[in-house]
Amino acid sequence: MDEKKQPLLQPTPSDPPPDYETSAQEHGQTLPIREKQPAQARRPPPPPGTLLDLPILKYMRTHRVILASASPRRRALLTQLGLPNLEVRPSTKPEDLSKAALGPWAYVSGTAQQKALDVYASLVDEAATKQSEPLPPPPSNSNSNSNSSADPTANLNAERSRKDPDLVIAADTVIVTRDGAILEKPASQEAHVKMLRHLRDTRWHKVLTAICCIAPRADAQHPGYAMAAHVEETRVLFAREADGLPDDVIAAYVRTREGVDKAGGYGVQGLGGALLIEKVDGAVDNVIGLPVRKCLQLCEKVVFRQNQTSDDEEEDDDE
């Protein structure tokens, strides 16, 4: 008696396979299913700069450090080093030094030193005044719920403002064209377009950033502070008109207003770097507004080596 043989392979079911828990229950089995844990909010990782184990950065993280500049780019360059307590106090002194009389290097260096000295002196006077005043009382426990939105660092900031600054950092950036003209921020849209066309037509220009650092002297020797300054130079090559930088591209870039608050009218770290610039010869962060490595060297000098003369300073004196 012949029986039809059943095929060894059954057709694949169209339904999706059950999960392990459902399958075990169908067969009268129980699997040790782990209970789902409530998701915990993850803290954002600290910036990589906090891992930099350098003596000067350790000092700056635990002392009152002032950036005498309103530039958000300079602040960002320093903050990435892991400096959460950096205070921003721009100088209010007019930048009225004579460009014609001083020339580019002396002008930008003098302006940075002027900013640093103005902010340092203002903060020393401010601290002396506040030291004669009582600290504001801490918030009471009874009002803690009603004032939960108050800034918890208010008292810490009040105490810090009663102390002299431990380190002041100031900077100034200018553009020097091939014909020796000193360019700062554009004064109007028309001036902005004219400035960028000139930089394109002359191709090469120099970016000079002066840094000045001041710290109180440990021995209180006159004038009571140590100061160090340096001017960093970077050369920037603009693209040609025939190589993708015609007037309409410049006009379109100006309308973005990216370069309104920048020396030379462009930002190397943004659209300006992509549309306008062909080549950078030197430190890019100097074009942004603060050569970080040189800045840290100056900070080390005024904090840790107040009585030493560096090779750079000897060379500057020779010049």
Side-chain angles (χ1 to χ4, degrees), residues 47 67-80 86-97 99 104 107-108 111-112 115 119 169-211 232-292 295:
L67 175 61
S69 171
S71 167
R73 277 85 54 192
R74 292 187 181 121
R75 182 177 186 178
L77 286 169
L78 289 174
T79 302
Q80 71 180 1
L86 186 69
E87 296 181 49
V88 176
R89 291 289 296 266
S91 171
T92 57
K93 192 174 181 63
E95 299 179 17
D96 53 3
L97 298 179
K99 298 182 180 71
Y107 169 79
V108 73
T111 301
K115 290 179 181 179
V119 171
I169 302 169
D172 190 58
T173 301
V174 297
I175 303 295
V176 183
T177 64
R178 291 183 68 176
D179 50 6
I182 300 175
L183 305 181
E184 296 187 272
K185 300 170 186 176
S188 65
Q189 183 167 322
E190 182 181 355
H192 197 173
V193 171
K194 185 178 179 180
M195 183 180 291
L196 292 179
R197 285 180 181 174
H198 182 68
L199 293 177
R200 176 199 63 191
D201 295 340
T202 54
R203 299 299 310 281
W204 280 105
H205 63 270
K206 296 175 182 177
V207 180
L208 304 181
T209 295
I211 319 164
E232 187 78 5
E233 176 185 322
T234 301
R235 297 181 74 215
V236 177
L237 177 68
F238 261 40
R240 293 185 177 89
E241 182 175 3
D243 291 337
L245 192 53
D247 289 350
D248 61 336
V249 172
I250 288 178
Y253 176 75
V254 167
R255 286 194 294 270
T256 69
R257 302 185 66 80
E258 179 187 75
V260 167
D261 60 343
K262 300 173 180 65
Y266 68 89
V268 69
Q269 71 277 27
L271 290 171
L275 296 175
L276 310 177
I277 295 173
E278 182 176 313
K279 182 180 178 181
V280 175
D281 183 8
V284 176
D285 56 358
N286 184 53
V287 185
I288 297 173
L290 189 73
V292 174
C295 179

Compare every heavy atom of [Y] with every heavy atom of [X], then report the nearest pair and how far apart it is.
X	Y	answer
C295	L78	SG-CD2, 4.4 Å
P186	G265	CD-CA, 3.9 Å
E258	L271	OE2-N, 2.8 Å
A171	G289	CB-O, 4.1 Å
G264	L199	O-CD1, 3.7 Å
P246	D248	CG-OD1, 2.9 Å

Could you state the interatomic distance from [atom1] ([X]) to [atom2] ([Y]), rounded to the nearest 0.5 Å?
X	Y	atom1	atom2	result
L183	T173	CG	OG1	13.0 Å
D281	W204	CG	CH2	5.0 Å
L67	E87	CG	CD	10.5 Å
I250	M195	CD1	CE	12.0 Å
L290	L77	CG	CG	6.0 Å
S71	D261	OG	CG	7.5 Å

key: Step-by-step salt bridge (Lys or Arg N to Asp or Glu O under 4.0 Å) determination, E95 to K115   = CA-CA 9 Å; E95 299 179 17; K115 290 179 181 179; 3.4 Å; yes
inquiry  = Please check if the number of heavy atoms outside K99 that lie under 6.0 Å from its NZ is greater than 12.
reply    =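 Yes, because the 6.0 Å sphere around NZ of K99 holds more than 12 heavy atoms from other groups.
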inquiry  = Give me each pair satisfying ring-ring contact (aromatic ring centres under 6.0 Å, His included) with a member in residues 234-260, each pair once, sequence neighbours excluded.
reply    =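 Those involving residues 234-260 are H205-F238, F238-Y266.
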task = Any chance you could lay out the side chain to side chain contact (heavy atoms under 4.5 Å, CB included) test for L245 and L276, step after step, and finish with the verdict?
result = CA-CA 7 Å; L245 192 53; L276 310 177; 3.4 Å; yes
[Y] side chain reached by [X] side chain, heavy atoms, under 4.5 Å:
X	Y	answer
I277	V236	yes
E232	I211	no
V268	K262	no

key: Side-chain (D172) to main-chain (T111) donor-acceptor, under 3.5 angstrom   = no
inquiry  = Could you check whether any side-chain N or O of R178 sits under 3.5 Å from a backbone N or O of T202, counting only pairs where one atom can act as donor and the other as acceptor?
reply    = yes
query = Looking just at side-chain N and O atoms, do T209 and R74 make a donor-acceptor pair shorter than 3.5 Å?
reply =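 No pair is found: no donor N or O on one side chain lies under 3.5 Å from an acceptor on the other.
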Audit row: R203, E278, side chain to side chain contact (heavy atoms under 4.5 Å, CB included) steps and yes/no = CA-CA 9 Å; R203 299 299 310 281; E278 182 176 313; 3.2 Å; yes
Ion pair check, R200 and D247, cut-off under 4.0 Å = yes
